[in-house]
Structures are given as C-alpha cells and as structure tokens.
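Written below as structure tokens is the structure these notes are about.
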Protein chains: 2
Amino acid sequence: MKMHNPPHPGEILRELCIEPLGLSITEVAEALGITRKTLSSILNGRSGISPEMAVRLSLAFGTSSESWLNQQSQYDLWAAEKKRKELKVKKLSAA
Amino acid sequence: MKMHNPPHPGEILRELCIEPLGLSITEVAEALGITRKTLSSILNGRSGISPEMAVRLSLAFGTSSESWLNQQSQYDLWAAEKKRKELKVKKLSAA
DNA sequence: CAAAGTGTAACTTATAACGTTACAGGTTAC
DNA sequence: GTAACCTGTAACGTTATAAGTTACACTTTG
C-alpha cells in the first residue's frame, strides 16, 4: 500500500554505492565481473537486477543480496500494480 | 542467512489456496484469466510467479501481491546464492 | 593534435513467460 | 463401459529481457 513511484535500483546503486566511493563505471563493472554495458543498463533503468546480479552486488559492496533483489521486486511490482484494474480476474472462494 | 531450500511458490499456491477451497486447476486458471498450462507450469515449479501474476493472485485470493512476489524472489535468490562461490567478484572500497 | 579512458547505443544471443493446439492418462457419472 | 471432465505435458510460436560484442561520441591528458 506504499505506492510512491520507487526509484529503480540502478539509481540507488549509483547514488549510494558508486558515487560515494568515487568509483568509475568501468572499475565497478570489472570488479563485478560484468561488462560496462551491462552495468550501464542497470544504472539507467533499462535492465533490472537479476538474482545473480544481486549476489554480485552483495559480494562487491558487502551488502545483502536480499536487499538488492527486494528493491527490484518492489520496483517491478509497482509497475505491475498500475495495470491492476485492467486485469480480468474473478475473485475465488470455496467451491 | 536462512537457507532452507524454500518451497517454490507454486507449491504454496496449491496447498494454501487451491486445495483448501476445493477448487480445480481449470476453474482457478479461468478465474485468473490465464490458461491451464500456465497455471500448471507454476504449480509444478516450471515457471515462476511474474509481477503480473502476483497481482492476479492478489485479486483472485484477496492476498497481497507483495507476498507472492517476495516468495518468488526468495526462491530465486536461494538458487542464485548456491553459485555465490563461483562468481569472480572483487570487493570494492573507496578509490 | 593524438591517445587513452569513459559512457552509451546498436545489434545479437539466450532464456523465460505465456498462449494455442493437441494428446495421453485418470476420475467420475450415467 | 462409455461419455464427460480434469489433469499433465509436449511442440510450436510470440514477446520480453538479461547479457555479451562491437562500435561510436565525448571527454581528459600527454
């Protein structure tokens, strides 16, 4: 019930992890073991954070993989909830 | 840190929502607005619960979409965490 | 200016969710 | 036992997305 247009996780990654440490995208991508492009896509909200990427972020930044993946879930769910009214679903109860 | 081989969400869906209400897969699929095949894939763990599916389940069973998607995330993360040691990621700190 | 590094866009590939159709096995009802 | 229904699954196509490879534009530095 907290629909506040959550920022995409890439934004959080950039502002809370990369910028504070003064790191470049190139060195972060290398540390994560992914390409610059893949990281760029995440930072700009064109890609989401996959479960494996959540573990990579966890390893690189010492955070929990769960928190990264949950942020992604909340973001995806916010997008899906916007279409709630368009879904033709019938309420179910005991047969 | 709670790695207990979580059940896939389809199992929970079957045991907590479908069986207690005495519903058939056919009628649940129709109510959700999806095909029997799609529901069958979820129940047997061959497909995950997408964000939109979480909203559909929420509408049909009166639960929260968040809880469904979180269950899926935990399940996906459990699978990803098993490969944590194989990932070549370097720890990052200030430049 | 030239060279190196950085960010990003195109293009390609792989995987996954979902639908359509069809088939096989199992219940239940008449 | 035959008909009707439920369930699972397989083959196929569509669409979406994560990720890599390549290439281009914009710095910054020598």
With sequence neighbours left out, write down each residue that passes side-chain contact (heavy atoms from CB on, under 4.5 Å) with Ser65(A), or none if nothing qualifies.
-> Ala54(A), Val55(A), Ser58(A), Leu77(B), Glu81(B), Arg84(B)

Worked check of side chain to side chain donor-acceptor pair (under 3.5 Å) between Thr38(A) and Thr35(A) | CA-CA 5 Å; Thr38(A) 298; Thr35(A) 63; 3.0 Å; yes

Arg46(B): what forms a salt bridge (Lys or Arg N to Asp or Glu O under 4.0 Å) with it, not counting sequence neighbours?
->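 Expected list: none.
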
Between the side chain of His8(A) and the main-chain N/O of Leu43(A), is any donor-acceptor distance below 3.5 Å?
->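 Between the backbone of Leu43(A) and the side chain of His8(A) there is a qualifying donor-acceptor contact (under 3.5 Å).
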
Parallel, tilted or perpendicular, as decided by the 30° and 60° cut-offs, for the rings of Phe61(A) and Trp68(A) | tilted

Under 4.0 Å protein heavy-atom contacts per nucleotide of nucleotides 23-30 of chain C, with B for base, S for backbone only and - for none | --------

note: Leu23(A), atom CG; dG7(C), atom P; distance rounded to Å ~ 11 Å

Can you tell me the distance, in whole Å, between the OH atom of Tyr75(A) and the P atom of dT17(D)?
-> 11 Å

Under 4.0 Å between a side-chain N/O of [X] and OP1 or OP2 of [N], yes or no?
{"X": "Ser40(A)", "N": "dT8(C)", "answer": "yes"}
{"X": "Thr26(B)", "N": "dT7(D)", "answer": "yes"}
{"X": "Asn44(A)", "N": "dT8(C)", "answer": "yes"}

Please tabulate, one pair per line, each protein N/O and nucleotide N/O from nucleotides 16-20 of chain C that are separated by under 3.5 Å, including the distance.
unit_1	atom_1	unit_2	atom_2	d
dA17(C)	OP1	Gly48(B)	N	3.1
dC18(C)	OP1	Ser50(B)	OG	2.7
dG19(C)	OP2	Thr35(B)	N	3.3
dG19(C)	OP2	Thr35(B)	OG1	3.3
dG19(C)	OP2	Thr38(B)	OG1	2.3

Give a yes or no on this: more than 12 heavy atoms of other residues, nucleotides or ligands lie within 6.0 Å of atom NZ of Lys91(B).
->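 It does: Lys91(B) NZ has more than 12 such atoms within range.
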
List, one per line, each side-chain donor-acceptor pair under 3.5 Å for residues 11-24 of chain A, sequence neighbours excluded.
unit_1	atom_1	unit_2	atom_2	d
Ser24(A)	OG	Glu27(A)	N	3.2

Any residue meeting side chain to side chain donor-acceptor pair (under 3.5 Å) with Gln72(B), in chain and number order, not counting sequence neighbours |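 Applying side chain to side chain donor-acceptor pair (under 3.5 Å) to Gln72(B) gives Asp76(B).
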
